[in-house]
Amino acid sequence: MILPIIAYGDPVLRKRAKDIEPNSLDVKTLSENMFETMYAASGVGLAAPQIGQSIRMFVVDGEPLNEDEPEEDIDQSLIGFKKVFINPEIIEEAGDDWGFEEGCLSIPGIRGEVFRPEIIVIRYFDIDWNEHEEEYEGMAARIIQHEYDHLDGKLFTDYLPTLRRTLIKKKLADISKGKTDAEYKMKFPK
């Protein structure tokens with residue numbers, strides 16, 4: 001089921017999400033709906049707060065970023081990188097911070113350069129409640145960090161320089177009022 005994506009300005013995007021208790025909800029169906037919603041919006045990650053659920057869960061699939069890339073530009077970190085993260089905890093960050101222009105399905109039409117550590121170690125549960133501890137680097141690490149931020153009520157715009165944030169203030173206000181040309185279903189703050 002394709003769900004509406006919550007737009008910038010909704011308080012759920014600024015809350016720290018709560019842990020999910022095992023067997024308290026159907027995480028398999030929820031993750032399927034989240035993947036379907038993410039694909040419909042051409043995204044590579046989607047966090048539960050972005051569909052209005054303040055719970056610690058997100059889905060990622062970085063493989064589409066490799067589509068149409070020449071063989072030598074294929075990002076190896078994204079091959080087979082389709083996962084569900086439940087109650088994740090980033091336990092280590094390493095490497096140099098590197099910049100990349102990020103966007104967000106909750107903030108359509110706005111992009112900005114964000115610097116993030118190149119390597120992370122994350123502990124999380126999958127949809128069968130098996131615990132994992134894994135290391136990611138490069139673009140896979142960036143996608144995880146971006147979605148993880150959503151669970152802590154942070155948005156990529158929080159990392160932008162003050163001047164850049166000032167310049168996009170009106171666009172952000174417009175998005176929160178429903179003035180956007182997003183080509184996917186959205187839900188705007190009341």
**Q** How many angstroms lie between atom CG of D149 and atom CG of L155, to the nearest 0.5 angstrom?
**A** 8.5 Å

**Q** Once you round to the nearest 0.5 Å, how far does CD1 of I175 lie from CD1 of I168?
**A** 8.0 Å

**Q** Tell me the closest heavy-atom pair linking I79 and I74, and the distance in Å.
**A** CD1-CG2, 4.0 Å

**Q** What residues form a side chain to side chain contact (heavy atoms under 4.5 Å, CB included) with L163, not counting sequence neighbours?
**A** L167

**Q** So does A141 get a backbone contact from the side chain of Q145, meaning a donor-acceptor N/O pair under 3.5 Å?
**A** yes

**Q** Indicate the atoms forming the closest heavy-atom contact of F156 with I110, along with that distance.
**A** CZ-O, 3.5 Å

**Q** What do the steps show when you test E113 against Y159 for side-chain contact (heavy atoms from CB on, under 4.5 Å), and what is the final call?
**A** CA-CA 8 Å; E113 187 174 37; Y159 294 96; over 6 Å; no

**Q** So, do Q50 and S106 sit near enough that their side-chain heavy atoms are less than 4.5 Å apart?
**A** yes

**Q** Drop me the distance from K185's NZ to I51's CD1, to the nearest 0.5 angstrom.
**A** 11.5 Å

**Q** Using ring-ring contact (aromatic ring centres under 6.0 Å, His included) as the criterion, list what pairs up with F81, not counting sequence neighbours.
**A** Y136

**Q** Ignoring hydrogens, what is the shortest heavy-atom contact between I6 and L13? Give both atom names and the distance.
**A** O-CD1, 3.9 Å

**Q** Would you call I90 and V121 a side-chain contact if the rule is heavy atoms closer than 4.5 Å?
**A** no

**Q** Would you sort out whether F100 and R142 count as a side-chain contact (heavy atoms from CB on, under 4.5 Å), showing the intermediate values?
**A** CA-CA 9 Å; F100 186 83; R142 173 172 297 276; 3.4 Å; yes

**Q** Within the 4.5 Å heavy-atom criterion, are H132 and I122 side-chain neighbours or not?
**A** no

**Q** Is there a path of hydrophobic side-chain contacts, each under 4.5 Å between heavy atoms, that joins I55 and L105?
**A** yes

**Q** Are F115 and M139 in one and the same hydrophobic cluster, where Ile, Leu, Val, Met, Phe, Trp and Tyr link if side-chain heavy atoms are under 4.5 Å apart?
**A** no

**Q** Yes or no on side-chain contact (heavy atoms from CB on, under 4.5 Å) for H150 and C104, after CA distance, side-chain angles and deciding distance?
**A** CA-CA 10 Å; H150 277 297; C104 178; 3.5 Å; yes

**Q** Salt bridge (Lys or Arg N to Asp or Glu O under 4.0 Å): which pairs involve residues 157-172, sequence neighbours left out?
**A** R14-D158, K170-D174

**Q** Give the cluster check for L25 versus V84: same hydrophobic cluster or not, with ILVMFWY residues linked at side-chain heavy-atom distances below 4.5 Å.
**A** yes

**Q** Which distance, rounded to the nearest 0.5 Å, do you find between the CD1 of I120 and the CD1 of I143?
**A** 10.5 Å

**Q** Can you pull the side chain to side chain donor-acceptor pair (under 3.5 Å) pairs that have at least one residue in residues 23-39, sequence neighbours excluded?
**A** D26-T29, K28-D128, Y39-D61

**Q** Counting only heavy atoms not in E72, do more than 12 fall under 6.0 Å of its CD?
**A** yes

**Q** Check step by step if side-chain contact (heavy atoms from CB on, under 4.5 Å) holds for E93 and I119.
**A** CA-CA 6 Å; E93 295 177 331; I119 301 166; over 6 Å; no

**Q** State the CD1-CZ distance between I144 and F58, to the nearest 0.5 angstrom.
**A** 5.5 Å

**Q** Who passes side chain to side chain contact (heavy atoms under 4.5 Å, CB included) against R123, sequence neighbours left out?
**A** E89, I91, E131, E133

**Q** Between D152 and R56, is a salt bridge (charged side-chain N to carboxylate O under 4.0 Å, His left out) present by the stated rule, with each step listed?
**A** CA-CA 9 Å; D152 288 338; R56 297 188 75 76; 3.1 Å; yes

**Q** Do you know which two heavy atoms are closest between G95 and E118, and how far apart they sit?
**A** CA-OE2, 3.6 Å

**Q** To check you understand the geometry: which heavy-atom pair defines the closest contact between M57 and L30, and what is its length?
**A** SD-CD2, 3.8 Å

**Q** Apply the test salt bridge (charged side-chain N to carboxylate O under 4.0 Å, His left out) to residues D96 and R116: give CA-CA distance (whole Å), side-chain angles for both, the deciding distance (0.1 Å), then the verdict.
**A** CA-CA 8 Å; D96 295 327; R116 297 187 187 272; over 6 Å; no

**Q** Looking at S176 and P189, what are the two nearest heavy atoms and their distance?
**A** O-CD, 3.2 Å

**Q** Starting from I20, can I reach V60 by hopping between I/L/V/M/F/W/Y residues whose side chains sit under 4.5 Å apart?
**A** no

**Q** Is there a chain of hydrophobic side chains (I, L, V, M, F, W, Y, each step under 4.5 Å between heavy atoms) that links L65 to L46?
**A** no

**Q** Check the side chains of S77 and E137 for a donor-acceptor pair under 3.5 angstrom, ignoring hydrogens and angles.
**A** no

**Q** Let's go through E134 and K83 carefully: what are the C-alpha distance in whole Å and the side-chain angles of both, what is the deciding distance for salt bridge (charged side-chain N to carboxylate O under 4.0 Å, His left out) to 0.1 Å, and is it a yes or a no?
**A** CA-CA 12 Å; E134 297 167 346; K83 291 186 170 285; 3.6 Å; yes

**Q** Less than 4.5 Å apart, any side-chain heavy atom of Y148 and any of H146?
**A** no

**Q** Evaluate the side-chain proximity of E63 to K82: yes if any heavy-atom separation is below 4.5 Å, no if none is.
**A** no

**Q** Can you tell if the side chain of M38 reaches within under 4.5 Å of the side chain of V44, non-hydrogen atoms only?
**A** no

**Q** Mind checking whether L151 and P88 have side chains closer than 4.5 Å, heavy atoms only?
**A** yes

**Q** Is the positively charged end of K177 above the ring of F188, judged by distance under 6.0 angstrom from the centroid and angle within 45° of the axis?
**A** no

**Q** If you count heavy atoms of other groups shown closer than 6.0 angstrom to CD of E21, is the number above 12?
**A** no

**Q** Of all residues at least two apart in sequence or in a different chain, which pass the ring-ring contact (aromatic ring centres under 6.0 Å, His included) check with W129?
**A** F125

**Q** Would you compute the distance between atom CG of N66 and atom CD of E71 and round it to the nearest 0.5 angstrom?
**A** 9.5 Å

**Q** Is the shortest side-chain heavy-atom distance between T157 and I107 below 4.5 Å?
**A** yes

